[in-house]
Amino acid sequence: MEAVPRMPMIWLDLKEAGEFAFNAAVKKSAVNVPRDFEGCSTLRKYFGQLHYLQSRIPMGAEQEAAVPIVWTEIFSGKTVTHEDIKYEQACILYNLGALHSMLGAMDKRVSEECAAGAFTYLRDHFPHSYSVDMSHQILNLNINLMLGQAQECLLEKSMLDNRKSFLVARISAQVVDYYKEACRALENSETASLLGKIQKDWKKLVQMKIYYFAAVAHLHMGKQAEEQQKFGERVIYFQSALDKLNEAIKLAKGQPETVQEALRFTMDVIGGKYNSAKKDNDFIYHEAVPALDTLQSVKGAPLVKALPVNPTDPAVTGPDIFAKLVPMAAHEASSLYSEEKAKLLRDVMAKIEAKNEVLDQFMDSMQLDPETVDNLEMYSHIPPILMEKCAALSVRPDTVKNLVQSMQVLSGVFTDVEASLKEIRDLLEEDEAQERKLQELLGKVPPAQGSPPPPSLGLTEVSKECSKYMEVHEKASFTNTELHKAMNLHIGNLRLLSGPLEQVRAALPSPALTEDDKQVLQNLKRILAKVQEMRDQRMSLEQQLREMIQKDDITTSLVTTDHSEMKKLFEEQLKKYDQIKVYLEQNLAAQENVLKALTDANVKYATVRKALAEVEHKWNTTVQTLVASYEAYEDLMKKSQEGKDFYTDLEGKAAKLLEKARAACQAAEANRQQILEKEMKKQPPPRPTAPKPALQKKPPELEAAGLDAGDLPLPLGSLVLPELPEELRSL
């Protein structure tokens with residue numbers, strides 16, 4: 001994976017400055033910075049000097065020295081004006097983060113920690129009401145995007161350095177976590193309305209990356225299992241990686257070629273790993289493949305952090321050029337109070353984040369989406385992709401008829417070829433039998449000088465050609481059979497798609513829920529709505545707390561307060577936050593009861609969920625099967641025509657070969673007749689035989705031997721023994 005092409009990254013545009021009654025040279029150098037690290041350095045110095053300035057001169061909102069400051073809002077392009085020096089600081093800080101994101105997205109992939117740091121400082125130390133592009137939601141989105149992309153840079157380096165598989169998996173899992181947070185922000189309706197057109201593009205890219213880096217994480221978990229010789233775990237991790245990568249590929253439609261190259265490269269790696277692992281386990285190791293949810297989840301390792309911005313660091317901002325203007329005592333005290341507010345916010349946020357983490361993990365484990373918990377709406381209509389196929393077939397009413405006729409023509413030509421080849425084979429076999437009879441006959445007749453002539457050259461050629469055609473026919477026969485099977489498989493679906501839409505809708509599975517099942521679903525939806533209500537209220541209270549802290553400036557009070565009374569003043573001022581803290585505590589405490597109720601509802605929902613999942617699976621399978629049948633039609637017609645052309649050509653050749661075979665067989669038969677006639681003429685004529693004597697009594701010697709006179713050699717058998725004289729008979 002070290003050679004995988006890089007994924008593109010999101011970078012932010014810089015804000016454009018308008019009017020500001022400030023030194024023109026300073027203003028120009030601060031708002032028209034070069035797009036490089038020198039520009040970042042300039043922005044940091046200007047930001048620090050603005051901090052020194054606003055701590056001495058009353059240029060804040062509604063203060064004596066406040067002047068109009070104009071900047072352009074990124075998403076709408078509108079100019080936004082505030083009479084507040086902090087607005088200038090906030091815009092400079094935004095541009096610092098945006099410039100770092102731009103540099104981080106370049107080919108060298110410099111770490112984006114500074115970008116996240118700038119946006120974090122902007123979120124935590126400045127009002128969010130200045131402009132849309134600096135709202136709390138947008139800044140949270142930017143922070144998670146930058147942290148995710150910084151972690152992505154670290155992942156690339158880790159793979160190039162061949163770090164341990166488990167570490168790479170954890171780094172990749174953390175990329176997924178950051179992008180999930182960013183995706184939640186992008187899915188928020190308020191954020192979507194703020195971002196406008198770019199929301200969809202960002203969301204598509206981030207969603208695709210979530211699945212892509214989840215696949216990378218499971219790929220390296222599989223590699224770790226391989227190193228530990230856990231071959232069953234290796235298979236399930238690689239399979240999970242393949243599934244997640246396929247989801248990423250689905251979401252990558254419309255993405256640039258760099259994304260497609262990365263996905264293709266990764267598919268080659270993961271696909272090869274999965275196929276090899278499965279084959280090895282099936283044939284060699286035979287280890288049980290565990291379910292993925294039985295294995296320990298991959299916990300992310302957040303190895304990048306948002307580096308804090310320190311506006312008073314002289315190494316960054318340079319010397320304080322306003323050091324002699326105003327005493328710093330009051331501002332030092334104000335900074336101490338700001339730290340007390342920050343501590344309060346950190347304590348509250350730690351509790352909120354802990355509860356949010358529990359809630360997120362719980363909801364992830366439940367895998368419950370309020371919008372699709374029953375998904376019953378999908379069964380009430382035919383899906384668009386199927387409607388498209390039905391519409392296409394409605395203007396081609398002869399689709400099924402044409403396919404059947406084409407296959408019938410193919411079958412007829414196939415049968416003709418088979419008959420011709422069989423007749424040729426029969427002729428050859430008959431000729432061979434006649435040749436064998438001739439040879440047997442010649443074997444009984446005394447052979448003439450020389451040997452019988454060899455088989456006809458024409459028949460030999462016919463036999464060779466016939467063997468070739470038979471071989472081609474047998475191979476094509478298998479293809480023809482498969483083609484008919486494919487046609488029989490799809491023709492019923494094509495008839496369905498060509499028919500009325502009511503029949504198509506009736507063919508799609510749909511759930512049959514009882515009243516109890518519907519009640520279970522309604523109860524689950526109600527509790528899920530409570531969960532969302534709890535989330536929304538928590539976010540609202542957090543936002544209110546942040547706004548209160550941002551607006552809480554007691555500098556005027558500090559000027560008139562004795563140093564020894566500072567601690568008491570801080571305690572009194574911080575009490576204003578007690579009420580909202582109580583509301584937040586109540587919200588956090590309610591989470592346990594809400595989750596318990598959700599657990600109980602989910603237990604009752606399990607049976608309904610299983611039934612709905614089975615129906616949804618059948619529904620998706622049916623839709624995919626019908627679409628596949630439509631898409632197979634053109635291929636079937638094309639292959640049918642190719643088969644018809646092939647067999648028509650083969651039929652012509654077979655017919656010519658049949659004529660050739662008949663002619664050769666006739667020639668061979670004529671040749672055999674000539675040979676037979678010649679051989680018969682060369683045989684000697686039969687010897688004449690004496691007339692058969694009258695039937696005589698067997699001599700006693702023959703009768704004793706059990707022989708007949710005809711059984712003796714010819715000369716002896718024709719002889720008749722003479723009768724002995726009388727005088728010798730008594731001897």
Side-chain angles (χ1 to χ4, degrees), residues 4-16 35 72-78 94-95 97-107 109-110 112 115-116 118-119 122-123 131-153 155-156 172 174-216 244-267 369 371-372 384:
V4 63
R6 289 171 167 175
M7 286 281 183
M9 288 188 174
I10 294 172
W11 54 273
L12 308 173
D13 290 323
L14 274 67
K15 295 170 70 68
E16 295 180 5
R35 268 50 171 174
T72 301
E73 195 268 318
I74 289 291
F75 304 119
S76 66
K78 298 178 181 178
Y94 182 94
N95 276 1
L99 184 53
H100 270 292
S101 78
M102 187 182 296
L103 298 174
M106 293 180 178
D107 287 341
R109 294 286 171 96
V110 180
E112 300 194 11
F119 291 127
L122 177 57
R123 181 193 66 186
S131 61
V132 167
D133 51 11
M134 293 189 291
S135 65
H136 182 69
Q137 295 92 330
I138 296 298
L139 292 176
N140 268 342
L141 169 63
N142 292 348
I143 290 167
N144 283 299
L145 277 177
M146 297 306 113
L147 286 174
Q149 295 184 164
Q151 186 89 1
E152 188 177 337
C153 293
L155 175 63
E156 290 179 3
S172 188
Q174 187 61 43
V175 175
V176 174
D177 290 344
Y178 282 134
Y179 283 148
K180 279 185 177 179
E181 288 297 323
C183 194
R184 287 190 182 99
L186 286 167
E187 290 173 344
N188 181 279
S189 57
E190 185 176 353
T191 306
S193 64
L194 296 177
L195 288 174
K197 293 186 295 183
I198 64 172
Q199 184 263 350
K200 288 185 178 179
D201 295 335
W202 285 11
K203 182 180 174 183
K204 286 181 180 179
L205 180 59
V206 170
Q207 286 179 331
M208 183 274 296
K209 283 192 171 187
I210 288 172
Y211 280 103
Y212 176 78
F213 288 108
V216 173
K244 293 181 185 302
L245 182 59
N246 280 323
E247 288 298 323
I249 291 171
K250 291 179 184 176
L251 294 170
K253 291 180 179 178
Q255 294 294 339
E257 183 59 23
T258 53
V259 173
Q260 309 301 335
E261 289 178 2
L263 292 173
R264 285 193 294 268
F265 182 95
T266 309
M267 176 57 76
D369 184 350
E371 296 182 0
T372 60

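All residue numbers refer to positions in the sequence shown, counting from 1.
Contact of the Ser101 side chain with the Gln149 side chain is not registered, since no non-hydrogen atoms from C-beta on lie closer than 4.5 Å. By the 4.5 Å heavy-atom criterion applied to side chains, Leu145 and Trp202 are counted as neighbours. Leu12 is not listed as a side-chain neighbour of Met102, based on a closest heavy-atom distance of 4.5 Å or more. Counting only heavy atoms from C-beta outward, the side chains of Met208 and Lys250 never approach each other to under 4.5 Å. Lys204 places none of its side-chain heavy atoms less than 4.5 Å from the side chain of Leu186. For the pair Lys209 and Glu152, the minimum side-chain heavy-atom distance is below 4.5 Å. Looking only at side-chain heavy atoms (C-beta outward), Leu141 and Leu195 come within less than 4.5 Å of each other. In this structure the side chain of Tyr212 never reaches within 4.5 angstrom of the side chain of Val259, judged on heavy atoms.
In this structure, Asp133 contributes its side chain and Ile74 its backbone to a donor-acceptor pair below 3.5 Å. Using modelled atom types, no side-chain atom of Thr72 and backbone atom of Gly77 make a donor-acceptor pair closer than 3.5 Å.
Here the shortest heavy-atom pairing between Pro256 and Pro8 reads CG-CG, 4.3 Å. Shortest non-hydrogen contact noted between Gly104 and Met9 is O-SD, 4.1 Å. For the pair Ser172 and Phe213, the tightest heavy-atom approach, listed with the atom from each and the gap, is OG-O, 2.6 Å. Annotation for Ala98 and Asp13: closest pair CB-O, 3.6 Å, computed over non-hydrogen atoms.
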**Message:** One pair to check against side-chain contact (heavy atoms from CB on, under 4.5 Å): Leu245 and Met267. What are the steps and the verdict?
**Reply:** CA-CA 7 Å; Leu245 182 59; Met267 176 57 76; 3.8 Å; yes
**Prompt:** Does the pair Glu181 and Arg184 meet the rule for a salt bridge (Lys or Arg N to Asp or Glu O under 4.0 Å), with working shown?
**Reply:** CA-CA 5 Å; Glu181 288 297 323; Arg184 287 190 182 99; 2.9 Å; yes
**Request:** Decide yes or no on side-chain contact (heavy atoms from CB on, under 4.5 Å) for Gln199 and Thr191, but give the supporting numbers first.
**Result:** CA-CA 8 Å; Gln199 184 263 350; Thr191 306; 6.0 Å; no
**side-chain contact (heavy atoms from CB on, under 4.5 Å) between Met7 and Thr258, worked out** = CA-CA 7 Å; Met7 286 281 183; Thr258 53; over 6 Å; no
**Asked** Val132 and Ser76: side-chain contact (heavy atoms from CB on, under 4.5 Å), yes or no, with the steps?
**Response** CA-CA 9 Å; Val132 167; Ser76 66; over 6 Å; no
**Message:** Is there a side-chain hydrogen bond (donor to acceptor under 3.5 Å, both in side chains) between Gln137 and Glu190? Walk through the geometry before answering.
**Reply:** CA-CA 8 Å; Gln137 295 92 330; Glu190 185 176 353; 3.0 Å; yes
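With rounding to the nearest 0.5 Å, the separation of CG in Leu251 from NZ in Lys203 is 10.5 Å. Distance CG/Leu14 to CG/Leu99: 5.5 Å, rounded to 0.5 Å. Taking CD1 from Ile210 and CD from Gln207, the interatomic distance works out to 6.5 Å, rounded to the nearest 0.5 Å. Of the inter-residue distances, the one linking Cys153 atom SG with Glu156 atom CD reads 6.0 Å to the nearest 0.5 angstrom. Atom OH of Tyr179 is separated from atom CG of Asn144 by 10.5 Å, given to the nearest 0.5 angstrom. The distance from atom CD1 of Ile143 to atom CZ of Arg123, rounded to the nearest 0.5 Å, is 4.0 Å.
Remark: Glu257 engages Arg264 in a salt bridge, criterion side-chain N to carboxylate O under 4.0 Å.
The local environment of CD in Glu247 is crowded, with over 12 non-hydrogen atoms from other residues, nucleotides or ligands closer than 6.0 Å.
A perpendicular orientation is assigned to the rings of Tyr94 and Phe119, their planes being inclined by more than 60° (bins at 30° and 60°).
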